[in-house]
Amino acid sequence: MTSFSLRAALRPLAAPAAALAAAFALTAMPLAAQAQTKIKFVLQWKFEGSQAWFFVAQDKGYFKAEGLDVSIDQGEGSAASIPKVASGAYDAGFGDLNAVIDLAAKRPADAPVGVYMLYNTPPFTLIVKKDSPIKTPKDLEGKTIGGPANDGALKLFPALAKIAKVDTSKVNITNMAPNLREQMLMRGQVDATFGYVNTVTFSAKAMGIDAAKDLRFIRYGDYGMDLYSNAVFFSRKFVQENPKAVAGFVKALNRAIKDVLADPEMAMDAVMKREPLLKREVEKERLLSALRNDMSHPEVARIGLGDVDDKRLERSIEILVDANQLARTPTPGEVFNRSFLPPRDQRPSKLF
């Protein structure tokens with residue numbers, strides 16, 4: 001009589017089952033990796049010290065911890081990142097909120113939306129040589145101003161001109177490559193240039209020019225243009241389809257900013273990793289200057305970094321709409337969405 005063993009009978013099935021389980025495990029691994037939401041992010045300019053928090057969030061795995069796979073590309077100007085996101089080439093970016101307002105007035109369905117305000121103090125300026133006879137915007141009549149085509153200060157010049165009663169028909173504006181701005185000014189090829197205070201100060205320093213001794217800044221903020229500047233923004237489509245990813249990005253960024261505040265040297269490691277040819281000490285100064293001059297508006301103590309004051313934003317919108325004769329007036333809620341911000345007690349109240 002032949003004996004029957006259930007274990008022996010099932011043994012032939014065990015190998016295929018084990019193989020199937022192993023195959024499933026192998027296929028599950030890439031599926032888990034694919035579960036991360038990809039975000040294509042574009043900066044306002046080339047890699048520099050004042051972008052350190054984006055790199056820290058990437059290097060420390062803060063984006064990854066939120067289920068995000070974030071790629072970071074260099075930009076071409078504070079106003080240039082907005083159309084890149086609006087066109088769908090990028091999901092998110094860092095750039096001038098005033099360019100967002102302008103697009104929201106013209107094509108509201110295409111305009112990105114701000115989610116985290118960084119440069120809350122207006123950095124926009126006109127730069128002249130220290131001994132220049134140009135003392136006020138009105139003195140620019142009959143003169144030539146140079147600036148990169150996508151410069152935020154250039155884009156806002158019509159608003160400044162209206163406030164300062166400058167006849168723009170008497171002002172010649174010429175475009176130049178960003179790396180030629182300080183050079184052309186010092187050589188007298190232009191009478192003034194457009195720019196951001198922080199950007200020009202450190203670009204000049206890299207050329208051996210002492211901005212405090214050799215240059216003078218005519219700041220837009222001194223003429224009533226208390227505007228917001230660079231913010232993190234996302235495309236409307238991405239916000240609608242991936243609200244959890246937007247909140248995760250903002251949370252990771254906020255976490256990285258606090259790390260940078262606590263350890264600027266660590267932040268410089270992240271910057272230099274991306275562009276080893278930069279001068280580390282100059283970029284550290286640039287970072288600290290951005291914290292002190294671009295991001296420390298008094299309102300931060302009240303509302304915290306990342307948020308905006310609706311009344312102030314509303315006034316900014318009105319200035320731009322009036323000066324540029326825009327067809328419609330966007331509401332603050334159209335250009336900035338605070339619902340993705342971390343709680344108030346988790347965001348910095350003091351930066352310097």
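Predicted, not measured: the structure shown is a model, and the values here were computed from it.
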Review point. For Pro342, does its backbone N or O pair with a side-chain atom of Arg347 as donor and acceptor, under 3.5 Å?
Key: yes
Review point. Given the rule in the ring-ring contact (aromatic ring centres under 6.0 Å, His included) test, do Tyr196 and Phe217 qualify, once you have shown the distances and angles that lead to the verdict?
Key: CA-CA 10 Å; Tyr196 279 21; Phe217 296 100; over 10 Å; no
Check your understanding: Under a 4.0 Å N-O cut-off, is there an ion pair linking Lys162 with Asp322?
Key -> yes
Practice item. Evaluate side-chain hydrogen bond (donor to acceptor under 3.5 Å, both in side chains) for Asp294 paired with Thr121, printing each intermediate quantity in order. Key: CA-CA 5 Å; Asp294 295 335; Thr121 299; over 6 Å; no
**Study point:** Check: Asp59 side chain, Val56 main-chain N or O, donor-acceptor pair, under 3.5 Å
**Key:** no
**Study point:** Shortest non-hydrogen contact between Phe336 and Val308, atoms and distance
**Key:** CD2-CG2, 3.6 Å
Review point. At what distance, to the nearest 0.5 angstrom, does CG of Leu288 lie from CG of Asn293?
Key: 10.5 Å
Practice item. Tell me, with the steps shown, if Gln58 and Ile72 meet side chain to side chain contact (heavy atoms under 4.5 Å, CB included). Key: CA-CA 9 Å; Gln58 192 174 52; Ile72 301 175; 3.9 Å; yes
Review point. Passes side chain to side chain contact (heavy atoms under 4.5 Å, CB included), Tyr116 versus Leu341? Steps please.
Key: CA-CA 7 Å; Tyr116 196 103; Leu341 290 174; 3.6 Å; yes
**Study point:** Contact summary for Ala192 and Val128, nearest pair of heavy atoms
**Key:** CB-CG1, 3.7 Å
Check your understanding: Quick one: are Glu66 and Lys244 in side-chain contact, heavy atoms under 4.5 Å?
Key -> no
Check your understanding: Does the pair Lys106/Asp102 count as a salt bridge with the N-to-O cut at 4.0 Å?
Key -> yes
Point to revise | Under-4.0 Å salt bridge between Glu241 and Lys237 | key: yes
Review point. Between Asn98 and Tyr228, does any side-chain donor sit less than 3.5 Å from a side-chain acceptor?
Key: no
Review point. Do Asp214 and Lys129 sit within salt-bridge range, that is, some charged N less than 4.0 Å from a carboxylate O?
Key: no
Practice item. Measure across Val321 and Pro330 and return the closest heavy-atom pair with its distance rounded to 0.1 Å. Key: CG2-CD, 4.1 Å
Point to revise | Pairwise distance CD(Gln51) to CG(Asn230) - rounded to 0.5 angstrom | key: 10.0 Å
Review point. Side chain of Thr125, backbone of Ile127: donor and acceptor closer than 3.5 Å?
Key: no
**Study point:** Evaluation steps, side chain to side chain contact (heavy atoms under 4.5 Å, CB included), between Thr329 and Ile317
**Key:** CA-CA 7 Å; Thr329 303; Ile317 293 171; 3.7 Å; yes
**Study point:** Ion pair check, Asp110 and Arg107, cut-off under 4.0 Å
**Key:** yes
Review point. Under 4.0 Å between a Lys/Arg side-chain N and an Asp/Glu carboxylate O for Glu76 and Lys84?
Key: yes
Check your understanding: Is Lys40 salt-bridged to Asp91, cutoff N-O under 4.0 Å?
Key -> no
**Study point:** NZ/NE/NH1/NH2 to OD/OE distance under 4.0 Å, Arg280 and Glu265
**Key:** yes
Check your understanding: Quick one: are Leu180 and Gln183 in side-chain contact, heavy atoms under 4.5 Å?
Key -> yes
Check your understanding: Backbone N or O of Val200 within a donor-acceptor pair of the Arg181 side chain at under 3.5 Å?
Key -> no
Review point. If you measure from OG1 on Thr201 to CD1 on Ile209, what distance do you get to the nearest 0.5 Å?
Key: 11.0 Å
Check your understanding: With hydrophobic residues grouped by side-chain heavy-atom distances under 4.5 Å, do Val271 and Val282 end up in a single group?
Key -> no
Revision key, fill the gap. Scanning both residues in full, the closest heavy-atom pair of Ile134 with Arg216 reads O-NH1, 2.9 Å
Check your understanding: Do the ring planes of Tyr220 and Phe124 sit parallel (below 30°), tilted (30 to 60°) or perpendicular (above 60°)?
Key -> tilted
Review point. Does the Gln44 side chain pair with the main chain of Ser78, one donor and one acceptor, at a distance under 3.5 Å?
Key: no
Practice item. Could you list the residues that satisfy side chain to side chain donor-acceptor pair (under 3.5 Å) with Gln346, not counting sequence neighbours? Key: none
Check your understanding: Do the side-chain N and O atoms of Arg302 and Ser349 include a donor-acceptor pair separated by under 3.5 angstrom?
Key -> no
Check your understanding: How long is the span from the CG atom in Asn324 to the CD1 atom in Ile319, to the nearest 0.5 Å?
Key -> 11.0 Å
Exercise for review: Could you tell me whether Glu334 and Arg328 have a side-chain N and a carboxylate O separated by less than 4.0 Å?
Suggested key: yes
Practice item. Please indicate whether Lys64 has more than 12 foreign heavy atoms, meaning atoms of other residues, nucleotides or ligands, lying under 6.0 Å from its NZ. Key: no
Revision key, fill the gap. Between Leu160 and the options Ile218, Thr168, Leu126, the side chain to side chain contact (heavy atoms under 4.5 Å, CB included) test singles out Leu126
Exercise for review: Search all heavy atoms of Val42 against all heavy atoms of Val85 and return the closest pair with its distance.
Suggested key: CG1-CG2, 4.3 Å
Practice item. Check the side chains of Arg274 and Gln74 for a donor-acceptor pair under 3.5 angstrom, ignoring hydrogens and angles. Key: no
**Study point:** CG on Leu313 to CG on Leu97, rounded to 0.5 Å
**Key:** 6.0 Å
**Study point:** Residue Lys38 excluded, over 12 heavy atoms near NZ under 6.0 Å
**Key:** no
Exercise for review: Dump the intermediate steps for salt bridge (charged side-chain N to carboxylate O under 4.0 Å, His left out) on Asp96 and Lys155, then the final yes or no.
Suggested key: CA-CA 10 Å; Asp96 187 14; Lys155 299 285 188 183; over 6 Å; no
**Study point:** Non-hydrogen atoms of Leu118 and Leu305 that approach each other most closely
**Key:** O-CD1, 4.1 Å
Point to revise | Donor-acceptor pair, side chain of Asp226 and main chain of Gly221, under 3.5 angstrom | key: no
Check your understanding: Does Ser316 reach the main-chain N or O of Arg312 with its side chain, forming a donor-acceptor pair under 3.5 Å?
Key -> yes
Review point. Taking NZ, NE, NH1 and NH2 as the nitrogens, is one of them in Asp210 or Lys205 under 4.0 Å from a carboxylate oxygen of the other?
Key: no
Check your understanding: CD/Glu283 to CZ/Phe47 distance, rounded to the nearest 0.5 angstrom?
Key -> 12.0 Å
Exercise for review: Please check if the side chain of Lys273 supplies one atom and the backbone of Met268 the other of a donor-acceptor pair under 3.5 Å.
Suggested key: no
Check your understanding: Is the closest basic N to carboxylate O distance between Lys60 and Asp259 below 4.0 Å?
Key -> yes
Practice item. Any chance you could lay out the side chain to side chain contact (heavy atoms under 4.5 Å, CB included) test for Leu215 and Leu185, step after step, and finish with the verdict? Key: CA-CA 10 Å; Leu215 304 176; Leu185 177 64; 3.9 Å; yes
Point to revise | Phe234/Phe249 aromatic ring centres below 6.0 Å | key: yes
Check your understanding: Crowded around Lys311 NZ? As in, over 12 foreign heavy atoms under 6.0 Å?
Key -> no
Check your understanding: Within 45° of the axis and under 6.0 Å from the centre of the six-membered ring of Phe352, does NZ or CZ of Arg292 qualify?
Key -> yes
Check your understanding: Salt bridge check: are Arg315 and Asp310 linked by an N-O gap of less than 4.0 Å?
Key -> no
Practice item. Give a yes or no on whether the backbone of Met266 and the side-chain of Asp263 come within a donor-acceptor separation of less than 3.5 Å. Key: yes
Review point. According to the interplanar angle, ranging from 0 to 90°, do the rings of Phe41 and Phe54 count as parallel (below 30°), tilted (30 to 60°) or perpendicular (above 60°)?
Key: tilted
